[in-house]
Amino acid sequence: MSTDSIQFSVFIKAILDTIDANAEEVAELDRAIGDGDHVINLQRGLAALDNIASELDALDWSAALMKVGMTLMSTMGGASGSLFGTLFISMAKTAKGQELNTDNLAQSFSQGVESVKQRGKADIGEKTMLDTLIPAAKTLQQQVDANAELKLLLDAVCQQAITGMESTKDLLATKGRASFLGERAIGHIDAGARTSQLMICAIADTLTN
Ligand code: ADP
Ligand code: MG
């Protein structure tokens with residue numbers, strides 16, 4: 001991958017499509033254990049990114065990630081707005097001055113996830129987006145370290161994101177709105193874990209094809 005080959009507009013389109021296709025399911029998940037607005041917050045942020053897609057394509061990957069983060073932060077709202085914003089802003093900082101390759105991408109993603117943990121004061125097992133993001137980042141780093149072939153690497157990352165997302169079903173929530181429900185949150189998948197997984201698998205799909 002070279003700096004020129006990252007087409008943010010293509011990824012944004014793929015992500016918009018998958019979120020739109022699964023919007024009703026995600027709304028239902030957030031209605032069950034949250035306040036139901038997660039998918040609307042995310043769609044608002046993605047529409048804002050779609051509006052600046054050609055601008056993003058003209059930037060190097062660090063500057064583009066920074067603009068993505070700032071845009072999500074200022075348009076999304078909700079707990080997820082500041083968390084997804086933090087993810088991309090932190091990724092941008094790690095990417096700054098670095099060539100775009102799988103190694104640097106893995107490091108940037110890991111650091112982004114680390115910043116989400118700090119911002120949300122949360123970790124794996126608390127029934128949040130982190131149950132998707134942490135295993136995905138870890139798998140990406142392991143696969144890159146093992147020099148895995150790109151398609152296998154992307155498959156593994158998407159698979160771990162799915163496993164992590166599904167794990168939220170049986171968890172008690174200890175962070176976010178769902179934590180107010182106690183035992184009643186058990187049996188429901190976390191909305192942010194589901195959208196994070198959908199986005200990761202859409203990016204993996206796009207890179208594979
Ligand atoms: P809000 O909860 O403010 O209505 P959203 O509905 O947009 O915001 O986002 C809810 C999602 O945010 C949850 O499904 C969960 O994945 C994630 N989330 C909430 N609080 C935290 C936290 N402290 N750490 C990590 N993720 C969190
Ligand atoms: Mg909500």
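By convention here, the first residue in the shown sequence is residue 1.
Judged by distance alone, the side chain of S167 and the main-chain N or O of G164 form a donor-acceptor pair under 3.5 Å. At least one donor-acceptor pair under 3.5 Å links the side chain of S108 to the backbone N or O of M91.
Under the 4.5 Å side-chain heavy-atom criterion for Ile, Leu, Val, Met, Phe, Trp and Tyr, I89 and M199 are members of distinct hydrophobic clusters. Transitive grouping of hydrophobic side chains (ILVMFWY, heavy atoms separated by less than 4.5 Å) keeps L29 and L172 in distinct clusters. Taking hydrophobic clusters as Ile, Leu, Val, Met, Phe, Trp and Tyr residues chained together by side-chain heavy-atom distances below 4.5 Å, M165 does not share a cluster with V113. Hydrophobic clustering of Ile, Leu, Val, Met, Phe, Trp and Tyr side chains at less than 4.5 Å, counting indirect connections, unites L16 with F88. Under the 4.5 Å side-chain heavy-atom criterion for ILVMFWY residues, a single connected hydrophobic cluster contains both V39 and L198.
Counting heavy-atom neighbours within 6.0 Å of K175 NZ, excluding the residue itself, gives a total above 12.
Here the CD1 atom belonging to I162 is positioned 4.5 Å from the SG atom belonging to C201, to the nearest 0.5 angstrom. Rounding to the nearest 0.5 Å gives a distance of 10.0 Å between CD1 of I33 and OG of S179. Here the CG-CD distance, from D155 to Q160, works out to 12.0 Å after rounding to the nearest 0.5 Å. Separation of atoms CD1 (I189) and CG (D30) is listed at 13.5 Å; rounding is to 0.5 Å. Rounded to the nearest 0.5 Å, atoms NE2 (H188) and OG1 (T168) are 11.0 Å apart. The distance from atom CD1 of I203 to atom CZ of F109, rounded to the nearest 0.5 Å, is 8.0 Å.
Contact detail for W61 and F8: the closest heavy-atom pair is O-CZ, 4.2 Å. Across all their heavy atoms, C158 and A204 have their closest contact at CB-CB, 4.4 Å. Of all the heavy atoms in I200 and A161, the pair that sits closest is CG2-CB, 4.1 Å. A pairwise comparison of heavy atoms in T174 and E126 identifies OG1-OE1, 2.7 Å as the closest pair.
Annotation: salt bridge (Lys or Arg N to Asp or Glu O under 4.0 Å) contacts involving residues 71-81, sequence neighbours excluded, are absent. Residue pairs satisfying the salt bridge (Lys or Arg N to Asp or Glu O under 4.0 Å) criterion with at least one member in residues 104-119, sequence neighbours excluded, are listed as follows: E114-K117, K117-D123. For residues 182-208, the salt bridge (Lys or Arg N to Asp or Glu O under 4.0 Å) pairs, not counting sequence neighbours, are E25-R194.
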Could you walk me through whether F84 and T195 pass the side-chain contact (heavy atoms from CB on, under 4.5 Å) test, one step at a time? CA-CA 11 Å; F84 284 141; T195 56; 4.1 Å; yes

Please evaluate residues R44 and N41 with respect to the criterion side-chain contact (heavy atoms from CB on, under 4.5 Å), reporting the C-alpha separation (whole Å), side-chain torsions for both, the decisive distance (0.1 Å), and the verdict. CA-CA 5 Å; R44 192 184 313 117; N41 291 338; 3.5 Å; yes

I186 and L171: CA distance, side-chain angles, deciding distance, side-chain contact (heavy atoms from CB on, under 4.5 Å) verdict: CA-CA 6 Å; I186 292 177; L171 291 171; over 6 Å; no

Checking S90 against Q111 for the side chain to side chain donor-acceptor pair (under 3.5 Å) test, could you report, in this order, the C-alpha distance in whole Å, the side-chain angles of both residues, the deciding distance, and whether it holds? CA-CA 7 Å; S90 172; Q111 192 50 54; 4.5 Å; no

Would you please test N104 and E99 for side chain to side chain donor-acceptor pair (under 3.5 Å) and show each step? CA-CA 7 Å; N104 289 336; E99 179 196 344; 5.4 Å; no

Please tabulate, one pair per line, all N/O donor-acceptor pairs under 3.5 Å involving side-chain atoms of residues 62-76, not counting sequence neighbours.
from : atom 1 : to  : atom 2 : distance (Å)
S62  : OG     : A92 : O      : 2.9
K67  : NZ     : E55 : OE1    : 3.4
T71  : OG1    : K67 : O      : 2.6
S74  : OG     : M70 : O      : 3.1
S74  : OG     : T71 : O      : 3.3
T75  : OG1    : T71 : O      : 2.7

In a table with atom names and distances, give each donor-acceptor pair under 3.5 Å that connects a side chain of residues 140-151 to protein atoms at least two apart or in another chain.
from : atom 1 : to   : atom 2 : distance (Å)
Q141 : NE2    : D145 : OD1    : 3.2

For residues 129-136, dump all side-chain donor-acceptor pairs below 3.5 Å to protein atoms at least two apart in sequence or in another chain.
from : atom 1 : to   : atom 2 : distance (Å)
D131 : OD1    : G125 : N      : 2.5
D131 : OD2    : K127 : N      : 2.9
D131 : OD2    : T128 : N      : 3.1
T132 : OG1    : A193 : O      : 2.8

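Residue I15 forms a side-chain contact (heavy atoms from CB on, under 4.5 Å) with just one option from I12, I19, D17, and that option is I19.
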